[in-house]
Amino acid sequence: MGDILSEKTDKPVTKVSGMAYLKHMGVTVLDDDCISVNIFRPGASSLRLNLYRENRLVQQVTIPSLKEVSMDDFFSARLYGEKLVEKLDDYSYDFVADGEHFVNTSAEIITGRESFGKKGKIRARFVNHEYDWDGEKRRLIEPEDMVIYETHVRGFTKHKSSGVKYPGTFAGMIEKLPYLKKLGVNTLFLLPIYDFDELDIRESVTDQKRVNYWGYTGEAYYFAPKASYSSDPLHPGREFKELIKQSHKQGMNIVLDMFFMKKSPDYVLDCLRHYVVNYHVDGFRVMSDFFNANIVRDDPILSHVRFFGYSWEGSVADAQKPMLFEMNDGFKEIARRFVKSDEGQVESFYRGFRAERTGVVKVNYITAHDGFTLRDLISYDIKHNEANGEKNRDGTDYNYSWNCGYEGPTRRKGVLSMRTKQEKNFLVMLLLGLPVPMLLMGDEFGNTQKGNNNAYCQDNSTTWLDWTLLEKNKETYDCVRFLLKLRRELPMFHREAAFSGFDHKGLGAPDISNHSREPWNNNYPYYCRELGILYYGPYLGTKDGKSYYIAFNMHWEAHDFYLPDITKARKWEVILDTAASVRKTPGLNENRTAYHVEARSIVLLECAKESGSSARTSKKGKTKNDSTSDRKHKGVSKPAPGRKSV
């Protein structure tokens with residue numbers, strides 16, 4: 001039985017039937033002619049749905065409560081009308097409970113915030129999730145192939161230099177997907193894209209007008225893609241779907257940053273399922289007091305995507321189907337301190353660089369949105385947050401940065417040369433570590449926030465990527481592309497089993513081992529700033545059997561690193577040297593037993609497998625011109641049986 005509103009009317013809703021489809025709260029499309037409404041309003045005695053067209057009230061529909069089951073403040077109904085869903089595409093709505101206007105928190109399109117930083121009358125719009133996903137080719141990227149790119153939808157293309165048709169939007173990001181593909185990243189980690197209130201921000205102590213640029217606000221319409229991030233603000237969901245579809249066609253995944261404040265577990269899970277089912281999102285970082293990873297592992301929908309967090313202690317790990325990714329925040333501090341030559345960092349850095357945990361995938365990063373950019377990390381000793389309107393009191397004072405001899409922009413060649421080398425050192429540490437790397441947007445071409453390490457309230461050139469830097473800092477961009485190419489090609493990043501640190505198959509050396517300047521010596525005094533890492537070829541599962549050795553010299557003086565004696569031929573070749581541009585002499589000595597690693601630099605070498613021919617030897621059997629080296633390192637040139645790296 002239904003309540004007939006009108007026999008002849010041009011109003012969209014013509015019939016109301018009590019007791020809706022109760023599976024989803026809010027407003028849900030059931031078919032072309034019917035929608036359901038389920039609203040819980042604590043303490044309310046009445047509820048009305050207002051329908052607007054071009055900001056004019058067109059129809060008011062009373063929604064009955066479930067008072068027959070003693071639920072007086074739960075309102076539920078089915079609304080009918082011929083081609084109702086099609087007609088409602090032109091309408092917005094809100095609810096009125098006992099005279100108070102509001103929009104349900106699960107609304108999927110929000111109006112009134114079409115222009116970023118400006119606020120009008122907040123209402124919702126009806127959404128039809130029909131969309132042509134044909135040709136999408138969605139697949140989850142395997143952890144060993146994953147390279148994450150943290151980005152802000154608005155800031156990524158808002159600057160006029162981006163050259164896109166619709167700056168600061170999902171459409172603008174679609175135009176830049178070929179750039180990201182060429183760069184070598186494949187997982188886009190998006191700061192909040194749901195409809196948050198950017199005007200929800202505390203007043204500054206200097207009366208400066210600010211906005212909540214990042215989007216981590218107390219309240220938000222979590223189910224609704226942000227209208228001001230769309231070139232079509234009335235249909236932001238369609239444009240967001242197009243971004244995801246085109247990303248998947250490029251072989252990329254999309255991960256959303258979700259910041260829930262005081263929301264029930266059911267609400268959080270419903271919202272996440274909404275983005276997986278309706279938008280084909282590939283993963284989330286969920287910040288909520290109530291989120292439990294063990295629940296989503298058994299969820300029929302959410303168990304098929306990835307979850308990122310800072311700790312998964314107590315969560316059930318699954319090595320066969322890894323879905324939990326742990327953000328290794330500690331690596332950020334360790335890497336920064338190691339690069340700036342602090343004492344006592346070698347062992348901690350090694351553990352972070354090779355961090356692996358069965359069933360949980362580690363994610364390393366050195367910079368993120370809430371801190372210095374990479375270029376600022378090598379250009380500023382202290383934060384410069386004066387523009388935030390808090391008298392430079394906001395943001396951390398513990399940046400572990402080094403300006404290389406001058407604070408901020410400079411033309412001094414010595415300072416610039418050191419910054420270039422340090423920038424490459426950071427990139428090698430991030431992109432050639434065993435954990436999944438996360439690169440901050442713009443770090444690939446020297447983006448700067450002019451020393452601001454907490455730009456949460458800056459919606460301007462401070463946070464908008466200046467794309468002219470891509471050409472100015474092409475050396476940095478080329479370095480990132482080269483390192484990501486190495487990551488795709490080198491075998492240590494694509495092994496099925498984790499490294500053990502043992503020679504568990506008796507092949508002659510551990511699968512991975514750590515060294516000081518002398519091979520097979522992994523004792524690191526507090527003052528030590530040098531580290532060698534060997535990936536032993538026979539364990540890497542490749543036909544060529546090549547081994548790889550990476551030398552980190554974070555001391556302010558150059559040092560000789562003696563290479564592990566793993567083959568007679570000693571066919572060591574240089575793959576990269578972050579000091580190559582300033583090197584005046586060859587790094588390898590004549591007999592390829594040692595490499596002269598310049599101050600504050602990193603070197604990666606490869607050693608070919610024995611091909612049947614032995615090294616050039618003297619009559620006494622020693623490698624030619626190498627008797628001194630052999631004598632000096634007698635007893636440390638080969639691993640002890642069963643030796644384990646730390």
Side-chain angles (χ1 to χ4, degrees), residues 2-6 9-30 33-81 84-85 87-114 118-128 194-197 199-200 217-224 227 233-234 262-264 267 270-271:
D3 177 20
I4 305 299
L5 297 180
S6 174
T9 178
D10 59 354
K11 296 179 180 179
V13 179
T14 58
K15 185 174 73 172
V16 177
S17 176
M19 187 67 76
Y21 175 67
L22 294 176
K23 187 174 181 180
H24 296 291
M25 296 297 292
V27 178
T28 306
V29 172
L30 298 183
D33 303 322
C34 179
I35 63 173
S36 71
V37 176
N38 291 294
I39 299 294
F40 173 52
R41 191 72 173 176
S45 60
S46 65
L47 183 73
R48 187 176 71 241
L49 170 68
N50 287 352
L51 298 177
Y52 304 88
R53 188 173 187 180
E54 297 178 352
N55 290 321
R56 180 176 62 87
L57 181 61
V58 173
Q59 187 176 11
Q60 297 178 315
V61 181
T62 298
I63 308 299
S65 72
L66 300 182
K67 59 183 179 181
E68 64 271 19
V69 290
S70 301
M71 298 170 66
D72 293 6
D73 52 5
F74 190 101
F75 303 87
S76 180
R78 296 190 183 200
L79 311 184
Y80 296 89
L84 178 62
V85 174
K87 292 178 180 177
L88 290 178
D89 189 55
D90 294 329
Y91 287 74
S92 60
Y93 71 89
D94 65 8
F95 292 98
V96 182
D98 299 338
E100 181 183 0
H101 288 254
F102 71 94
V103 172
N104 57 297
T105 57
S106 58
E108 297 183 27
I109 299 179
I110 297 298
T111 64
R113 294 178 181 162
E114 292 87 349
K118 298 180 180 179
K119 186 175 182 179
K121 184 68 175 179
I122 301 298
R123 294 187 180 125
R125 286 177 58 84
F126 299 92
V127 62
N128 183 355
Y194 48 81
D195 215 301
F196 59 87
D197 181 6
L199 298 180
D200 179 12
T217 57
E219 284 295 333
Y221 293 99
Y222 295 97
F223 287 72
L234 297 182
K262 299 179 181 178
K263 297 299 180 183
S264 70
Y267 180 93
D270 279 347
C271 183

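Since this is a predicted model, take the numbers as computed values, not measurements.
For Tyr267, the ring pair (Phe, Tyr, Trp, His ring centres under 6.0 Å) test picks out Phe223, with sequence neighbours left out. With sequence neighbours excluded, the residues that form a side chain to side chain contact (heavy atoms under 4.5 Å, CB included) with Asp33 are Asp31. Evaluation of the salt bridge (Lys or Arg N to Asp or Glu O under 4.0 Å) rule for Glu100 yields Arg41 as partners, not counting sequence neighbours. With sequence neighbours left out, Lys263 forms a salt bridge (Lys or Arg N to Asp or Glu O under 4.0 Å) with Glu219. Scanning for side chain to side chain donor-acceptor pair (under 3.5 Å) contacts around Tyr52 gives Asn50, Asp94, with sequence neighbours left out. Looking at residues two or more places apart in sequence or on another chain, you find a ring pair (Phe, Tyr, Trp, His ring centres under 6.0 Å) between Tyr222 and Tyr194, Phe260. In this structure, the side chain to side chain donor-acceptor pair (under 3.5 Å) partners of Asp98, at least two apart in sequence or on a different chain, are Ser45, Ser46. With sequence neighbours excluded, no residue forms a side chain to side chain donor-acceptor pair (under 3.5 Å) with Asp73. Shown here are the ring pair (Phe, Tyr, Trp, His ring centres under 6.0 Å) partners of Phe75, two or more places apart in sequence or in another chain: there are none. For the side chain to side chain contact (heavy atoms under 4.5 Å, CB included) test, residues two or more places apart in sequence or in another chain that qualify with Lys119 are Ile122, Asp197, Leu199. With sequence neighbours excluded, the residues that form a ring pair (Phe, Tyr, Trp, His ring centres under 6.0 Å) with Phe102 are Phe95.
Between Ala107 and Ala124, the shortest heavy-atom contact is CB-CB, 3.7 Å. Minimum interatomic distance between Pro64 and Ala77 (heavy atoms only, all atoms of both residues): CD-CB, 3.7 Å. Shortest non-hydrogen contact noted between Pro233 and Glu114 is CB-CG, 3.5 Å. Val27 and Glu108 make their closest contact through O-OE2, 4.4 Å (heavy atoms, listed as atom of the first residue, atom of the second, distance). Between Ala224 and Ile110 the shortest heavy-atom distance is CB-CG1, 4.0 Å.
Taken from CG in Asn38 to CG in Leu66, the straight-line distance is 8.0 Å, to the nearest 0.5 Å. Rounded to the nearest 0.5 angstrom, Leu47 CG and Ile63 CD1 are separated by 6.0 Å. The CG atom of Leu51 sits 11.0 Å away from atom CZ of Arg48, with the distance rounded to the nearest 0.5 Å. The line from NZ of Lys87 to NZ of Lys11 is 13.0 Å long, rounded to the nearest 0.5 Å.
Between Phe126 and Tyr93, the distance separating the two ring centers is shorter than 6.0 angstrom.
Using a 4.5 Å heavy-atom threshold, the side chains of Asn55 and Arg123 count as touching. When side chains are defined from C-beta on, Val85 counts as touching Ile35, because their heavy atoms get closer than 4.5 Å. Looking at heavy atoms from C-beta onward, Arg125 lies in side-chain contact with Asp89 at the 4.5 angstrom threshold. In this structure, Val16 and Thr62 have side chains that are not in contact, with every pair of non-hydrogen atoms separated by 4.5 Å or more. Between Val29 and Leu88 the shortest side-chain heavy-atom distance does not fall below 4.5 Å. Counting heavy atoms from C-beta outward, Ser106 and Asp270 have side chains that stay 4.5 Å or more apart. Within the 4.5 Å cutoff, the side chain of His24 has no heavy atoms near those of the Ser36 side chain.
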* Evaluate the side chain to side chain contact (heavy atoms under 4.5 Å, CB included) criterion for residues Val37 and Val61: first the C-alpha distance (whole Å), next the side-chain angles of each, then the deciding distance (0.1 Å), finally the verdict. => CA-CA 11 Å; Val37 176; Val61 181; over 6 Å; no
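Identified under the salt bridge (Lys or Arg N to Asp or Glu O under 4.0 Å) test for residues 51-70, with sequence neighbours left out: Arg53-Asp90.
With hydrogens and angles disregarded, no donor-acceptor distance shorter than 3.5 Å links the side chain of Asp72 to the backbone of Ser65.
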